[in-house]
2 protein chains.
Amino acid sequence: MIKYEMIANKIRERIQKGEYAEDTLIPDQVTLSKEFGVSRMTVKKAMDILAMEGLIFRKRGSGTYVKKNALLNSSDSNAMEYEGLTKQLSGYKVEGKAISFNVEFPDEKIREALQLEKNDPVYNIVRLRLVDGKPYVIEHTYFPTALVPGLTEEILNKSVYEFIHQNLGLSFGGAYRKIQAVKPSEYDKKYLACQENDPVLEVEQIVHLEDGTPFEYSRSRNRYDTRSYTIVDIQRRQK
Amino acid sequence: MIKYEMIANKIRERIQKGEYAEDTLIPDQVTLSKEFGVSRMTVKKAMDILAMEGLIFRKRGSGTYVKKNALLNSSDSNAMEYEGLTKQLSGYKVEGKAISFNVEFPDEKIREALQLEKNDPVYNIVRLRLVDGKPYVIEHTYFPTALVPGLTEEILNKSVYEFIHQNLGLSFGGAYRKIQAVKPSEYDKKYLACQENDPVLEVEQIVHLEDGTPFEYSRSRNRYDTRSYTIVDIQRRQK
DNA sequence: AAGTGGTCTAGACCACCGC
DNA sequence: CGGTGGTCTAGACCACTTG
């Protein structure tokens with residue numbers, strides 16, 4: 001439908017197939033605009049996408065090049081996701097187990113994270129995730145009840161995010177995350193089967209809706225030996 | 001100079017000053033294009049920047065809104081940086097101390113990370129960073145000697161990245177990072193003053209040049225009680 | 001000097017929202 | 001239905017690299 005996306009897809013395919021080899025020039029924008037029968041602006045928008053993906057880089061006056069190792073680093077949807085584990089680890093057997101599911105008034109920290117008043121109730125959910133039968137992560141999650149009406153334990157055992165998308169029609173606008181190494185709590189020792197001196201990888205996150213409303217506050221505590229966070233950071237503007 | 005950047009700057013300023021309040025509509029693109037005396041396409045490009053920064057969001061048929069909490073989350077240049085600590089912690093007293101500085105042939109892991117052959121030498125640098133006199137992080141860094149000719153211990157004690165930019169004229173294209181919680185090594189205990197059961201936050205990174213050439217491989221081992229990683233993740237496309 | 005990518009225009013059509 | 005933002009065009013000028 002959208003031309004510049006289709007062109008980006010075709011060029012990306014050519015890079016992946018090796019038709020446009022790594023570390024070489026690709027055809028210039030005028031040539032491509034003729035090939036695809038579009039204006040040069042449209043070709044440029046397609047190139048902008050591929051540059052954001054880290055596949056190509058451009059030198060004014062010189063041309064557009066395929067990056068070295070373009071294919072290596074093209075893991076496009078990695079750890080920058082809040083889709084929950086269900087999607088991230090497709091292929092493994094992922095089980096969720098709700099440990100507790102309550103409603104309460106938020107404490108100071110959660111009030112601030114979710115921008116709530118003292119008497120705005122929140123769900124307090126603790127879930128243990130198992131991968132191939134072994135404990136993987138404990139997630140402590142808080143949603144304002146006003147934003148997620150009708151949450152049930154049954155939904156928790158499926159995918160909360162799917163429910164939010166499908167049934168409530170809400171979309172996400174971004175997230176703020178903080179990653180730390182911490183010492184294990186009693187909770188961690190009990191459910192994650194941590195030893196006293198095993199570190200824990202904690203990911204604290206605040207997820208926002210499209211309009212900026214804080215929507216979820218959570219702390220994920222991961223076993224140190226099975227979980228790491230990866231980030232692919234592509235430089236978008238050269239100085 | 002560049003119109004769409006100047007317009008983005010002006011609109012951003014108005015948001016920051018509260019002239020365009022959070023959670024309200026801003027003037028439509030036609031109105032703005034008249035105000036600034038430019039075409040609508042140019043206004044849209046300015047808006048694209050602000051949307052990428054997470055300040056605004058747009059609804060087709062409805063208008064352009066300032067996000068709730070737009071000002072809160074507008075920490076634009078946070079942990080997605082490879083500028084070294086010198087810039088990140090301006091205001092504190094940051095000292096660097098080179099523990100070792102050698103040249104060697106790379107082992108298997110480093111060969112792969114930096115895409116080198118068996119006999120391509122690398123610098124092997126170990127540095128301890130102190131903040132306000134207290135140990136903060138140990139960095140184990142490897143550069144291919146071919147890419148950073150003329151590195152000296154003196155440069156290490158200033159800023160390696162400045163040297164690379166200024167003297168070698170190279171620019172960065174991105175980085176791949178992996179964050180883990182690990183147990184302390186003997187090195188960590190000695191230099192970071194870690195206790196036996198203190199966790200360590202390890203950030204492993206591969207930095208690339210603009211053309212995709214791997215350029216630096218490093219492992220930063222941080223004291224768990226003074227360092228965390230923050231990531232601001234803005235959703236760029238709505239489905 | 002020729003060729004490249006970056007910016008910008010004036011206008012067009014479309015999809016979508018709200019009245 | 002009018003107004004919004006998204007896409008697209010054909011052409012122009014500019015900054016820059018390379019021969």
Side-chain angles (χ1 to χ4, degrees), chain A residues 1-11 15 20 23-67 169-171 173 209-211 235-239, chain B residues 1-11 15 20 23-67 169-171 173 209-211 235-239:
Chain A
M1 196 69 226
I2 292 163
K3 289 188 187 176
Y4 67 82
E5 271 189 352
M6 292 185 55
I7 294 170
N9 292 342
K10 281 184 182 166
I11 305 286
I15 292 171
Y20 297 156
D23 207 17
T24 63
L25 272 170
I26 71 176
D28 64 274
Q29 294 179 357
V30 175
T31 305
L32 288 172
S33 66
K34 281 177 191 157
E35 182 196 334
F36 292 110
V38 300
S39 73
R40 187 161 78 89
M41 279 292 297
T42 303
V43 170
K44 185 184 175 291
K45 280 190 89 168
M47 293 313 195
D48 288 344
I49 292 179
L50 300 179
M52 293 241 290
E53 291 174 354
L55 286 174
I56 60 171
F57 69 101
R58 292 166 288 186
K59 274 195 185 322
R60 202 190 284 196
S62 175
T64 302
Y65 299 80
V66 181
K67 275 194 189 181
L170 302 175
S171 13
L209 295 179
E210 195 184 33
D211 72 356
Q235 203 73 349
R236 280 164 235 282
R237 299 176 189 248
Q238 66 276 30
K239 290 266 168 77
Chain B
M1 194 71 227
I2 291 163
K3 290 189 186 175
Y4 67 81
E5 271 188 352
M6 292 184 54
I7 294 170
N9 292 342
K10 281 185 181 164
I11 305 287
I15 292 171
Y20 296 155
D23 208 18
T24 64
L25 272 170
I26 71 176
D28 64 273
Q29 294 178 356
V30 175
T31 305
L32 289 173
S33 66
K34 280 176 192 157
E35 181 195 335
F36 292 109
V38 300
S39 74
R40 187 162 77 90
M41 278 292 297
T42 303
V43 170
K44 186 185 174 290
K45 280 190 88 169
M47 293 314 194
D48 287 344
I49 292 179
L50 300 178
M52 292 241 290
E53 291 174 354
L55 286 174
I56 61 171
F57 70 102
R58 292 166 288 187
K59 274 196 185 321
R60 201 190 280 195
S62 175
T64 302
Y65 300 80
V66 180
K67 275 194 188 180
L170 302 175
S171 11
L209 296 179
E210 194 185 32
D211 71 356
Q235 203 72 348
R236 280 163 233 282
R237 298 176 189 247
Q238 68 278 25
K239 287 273 167 73

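If you're wondering where the values come from, they're calculated on a predicted model, not measured in any experiment. So that the names make sense, note that chain A is the first sequence line, chain B the second, and so on, each numbered from 1.
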Using a heavy-atom cut-off of 4.0 Å across all strands, would you classify A/V30 as base, sugar-phosphate, or nothing?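 No contact at all - A/V30 keeps every heavy atom at 4.0 Å or more from the nucleic acid.
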
Using a cut-off of 4.0 Å on non-hydrogen atoms, how would the nucleic acid contact of A/K44 be classed: base, sugar-phosphate, or nothing? base

Ignoring backbone atoms, test whether [X] places a side-chain nitrogen or oxygen under 4.0 Å from the OP1 or OP2 oxygen of [N].
X     : N      : result
A/Y4  : D/dC8  : no
B/Q29 : D/dG3  : no
A/K45 : D/dT7  : yes
B/R40 : C/dG11 : no
B/S39 : C/dC8  : no
B/K3  : C/dT9  : yes

Given atom [atom1] of [X] and atom [atom2] of [N], what is their separation to the nearest angstrom?
X      : N      : atom1 : atom2 : result
A/E5   : D/dC8  : CD    : C1'   : 14 Å
A/M41  : C/dG11 : CE    : C1'   : 14 Å
A/D211 : C/dC17 : CG    : C1'   : 17 Å
B/L32  : D/dT4  : CG    : P     : 11 Å
A/K34  : C/dT4  : NZ    : C1'   : 14 Å
B/F57  : C/dC17 : CZ    : C1'   : 14 Å
B/M6   : C/dT7  : CE    : P     : 15 Å
A/M47  : C/dT7  : CE    : C1'   : 17 Å

So, A/R58 and A/D48, do they make that salt bridge, N to O below 4.0 Å?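 Salt bridge between A/R58 and A/D48, a charged N being under 4.0 Å from a carboxylate O: yes.
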
Between D/dG3 and B/R60, counting only base atoms on the nucleotide and side-chain atoms on the residue, is there a donor-acceptor pair under 3.5 Å? no

State, with a plain yes or no, whether a side-chain heavy atom of [X] is found less than 4.5 Å away from one of [Y].
X     : Y     : answer
A/I7  : A/L32 : no
B/K45 : B/K3  : no
B/L50 : B/T64 : no

Please tell me which of B/M1 and A/T42 maps to the more 5' nucleotide of DNA chain D, matching each residue to the nucleotide holding its nearest heavy atom.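 The residue closer to the strand's 5' end, by nearest nucleotide, is A/T42.
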
Whichever of A/I2 and A/G61 has its nearest DNA chain D nucleotide further upstream toward 5':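 By nearest-heavy-atom nucleotide position, the 5'-most residue is A/I2.
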
Compare the minimum distances between each of C/dT9, D/dT4, D/dC8 and the side chain of B/D28, then state the nucleotide with the smallest one.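 That would be D/dT4.
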
Between A/F36 and A/I11, what is the shortest heavy-atom contact and its length? CE1-CD1, 4.1 Å

